[in-house]
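Whatever order the structure lists them in is the order used to number ligands and atoms, beginning at 1.
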Amino acid sequence: MINVTKTYLPSIEKYNIYLEKIWKKSWITNRGPLVLELEQKLKKHLNLKNILFVSNGTVALQIAIKALSLKGEVLTTPFSYVATTTSLLWENCKPVFVDIEDQTFCIDPSKIESAITDETTAILATHVYGYPCDVERINKIARKYKLKVIYDAAHAFGTKYKGTSILNHGDISTLSFHATKLFHTIEGGAIIVNKNEGLKKKISLYHAFGHVGDDYYTMGINGKNCEFHAAMGLCNLPDVKKIIALRKRITLLYDKKLLSLGLKRPALNDRVEYNYSYYPILFPNERSLLNTKQALAKNNINTRRYFYPSLNKLPYVKNTDKCTVSEDISKRILCLPLYPGLEDSVTDKICSIISKTIKVTV
Ligand SMILES: *Cc1c(COP(=O)(O)O)cnc(C)c1O
């Protein structure tokens, strides 16, 4: 079975070296030495001023929402993983969906202002598939209306915009290091605070029950991560450049065959250094997507409908926002297998199956 992704694993010998360190110290969680080492190395690798390693990307979003005291309405993208929306609901905010651009599939800045009301407190946008949002226009609008900005950067590890990490934008950016992501720590995530020191301290307290030793400052939650997960991160981090290069190579192979069939891909602007975290491809209609997905499945090739449904259509959201672009794209987009080690013969096979199904259904 060829899956849409395959978890990258370091050599077991490399991981064992870290396990021995953990056993020697008998320190397995609560901000142990490997967690601190991973934070330092991530900061350096991504060229950031700060980063807090937390238990997952969803808790990262929830802590960010809580720490910015968001309430009322939050403008957000309908085209993302479900956690972007549910983290708002979980924190008692009302998601207001702003449609996406048909080129980047990120939130459309030209549609943000008309969605702002007296109840709006923030914008929560996703750099979907690692393609950056229009951070400059979003920032301008946020300043004009005094809105907070959170970027769900779960797909954007390693993506750069104008030469620096995309994570430097927004009041807060969050990452996911889940096993299916480009860089992973089995389970894990991170919070990057871009503006004030007070917020950084608050977030650090929030992720560890709100106390330091016997001093109880605030209510908190348990968002800490552990030494075993940090060890996986420390093993994988030195390989990230190689992982991105291998993904790029496969992406170009797909592009060469699929773009000539008339299939569309999200557009990259030339100021972006991309991380090749997913391979989404847009079909002419839902029928051709479903036929292709089924034909691939018959050949034991598993694809995913990332992201379907459009999040404004989730049954429990009870939302009447119309997002025509997102609703259309979500019906026609499919992510193809992409991971280091995927063989050229498999990508060839995938492309030839797609070429056949497209000819039949268009
Ligand atoms: C994976 C993902 C998350 C959730 O991260 P977890 O670490 O799995 O909790 C949130 N947002 C987006 C866009 C994601 O892809």
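- Ligand-side atoms of ligand 1 in range of Ala154: 2 (C), 11 (N), 12 (C), 13 (C), 14 (C), 15 (O), range being under 4.0 angstrom from any heavy atom.
- Ring centroids of His169 and Tyr151 are separated by 6.0 Å or more, keeping the two rings apart.
- From the protein, the heavy atom lying nearest to atom 3 (C) of ligand 1 is Tyr81 CD2, 3.8 Å.
- Close contacts between ligand 1 and Ala83 involve ligand atoms 10 (C) [criterion: under 4.0 Å to a heavy atom].
- Every atom of ligand 1 with a heavy atom of Gly57 under 4.0 Å away is listed here by number and element: 5 (O), 6 (P), 7 (O), 9 (O).
- Assignment of Glu187 to the shell around ligand 1 is not supported, since no heavy atom sits closer than 4.0 Å.
- With respect to atom 10 (C) of ligand 1, the closest heavy atom belonging to the protein is Asp152 OD2, 3.5 Å.
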Verdict with supporting geometry, Asn92 and Lys71, side-chain hydrogen bond (donor to acceptor under 3.5 Å, both in side chains): CA-CA 7 Å; Asn92 293 315; Lys71 51 186 172 29; over 6 Å; no
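- Residues Asn291 and Ser288 bring no donor and acceptor atom of their side chains to less than 3.5 Å of each other.
- For Tyr278 and Tyr131, the gap between ring centers reaches or exceeds 6.0 Å.
- Looking only at heavy atoms of the protein, atom 2 (C) of ligand 1 is closest to Lys181 NZ, 3.0 Å.
- When the heavy atoms of His155, His184, His178 are ranked by distance to atom 15 (O) of ligand 1, first place goes to His155.
- When only modelled atom types and interatomic distance are considered, Asn269 and Tyr161 share no side-chain donor-acceptor pair under 3.5 Å.
- In this structure, a donor-acceptor pair under 3.5 Å is present between the side chains of Ser326 and Ser310.
- Put simply, no part of Ala60 is less than 4.0 Å from ligand 1, judged by heavy atoms.
- When each atom of ligand 1 is checked for a heavy atom of Gly188 under 4.0 Å away, the hits are 7 (O).
- The six-membered or imidazole ring of His155 lies near that of Phe307, with a centre-to-centre distance under 6.0 Å.
- Atoms of ligand 1 found under 4.0 Å from any heavy atom of Asn56 (numbered from 1 in listed order, with element): 7 (O), 9 (O).
- Remark: minimum distance from atom 9 (O) of ligand 1 to any protein heavy atom is reached at Thr58 OG1, 2.6 Å.
- Ligand 1 lies out of reach of Gly189, whose nearest heavy atom is not under 4.0 Å from it.
- For ligand 1 and Ser80, the ligand atoms under 4.0 Å from any heavy atom of the residue are 13 (C).
- Lys94 has no carboxylate O lying under 4.0 Å from a charged side-chain N of Glu119, or vice versa, which leaves the two without a salt bridge.
- Considering backbone and side-chain atoms alike, Tyr278 places every N or O at 3.5 Å or more from each N or O of ligand 1.
- Taking the six-membered ring where tryptophan is involved, the planes of Phe157 and Phe177 are perpendicular, since the angle between them exceeds 60° and thus also 30°.
- Between Arg249 and Asp344, at least one side-chain N (NZ, or NE/NH1/NH2) sits under 4.0 Å from a carboxylate O, which counts as a salt bridge.
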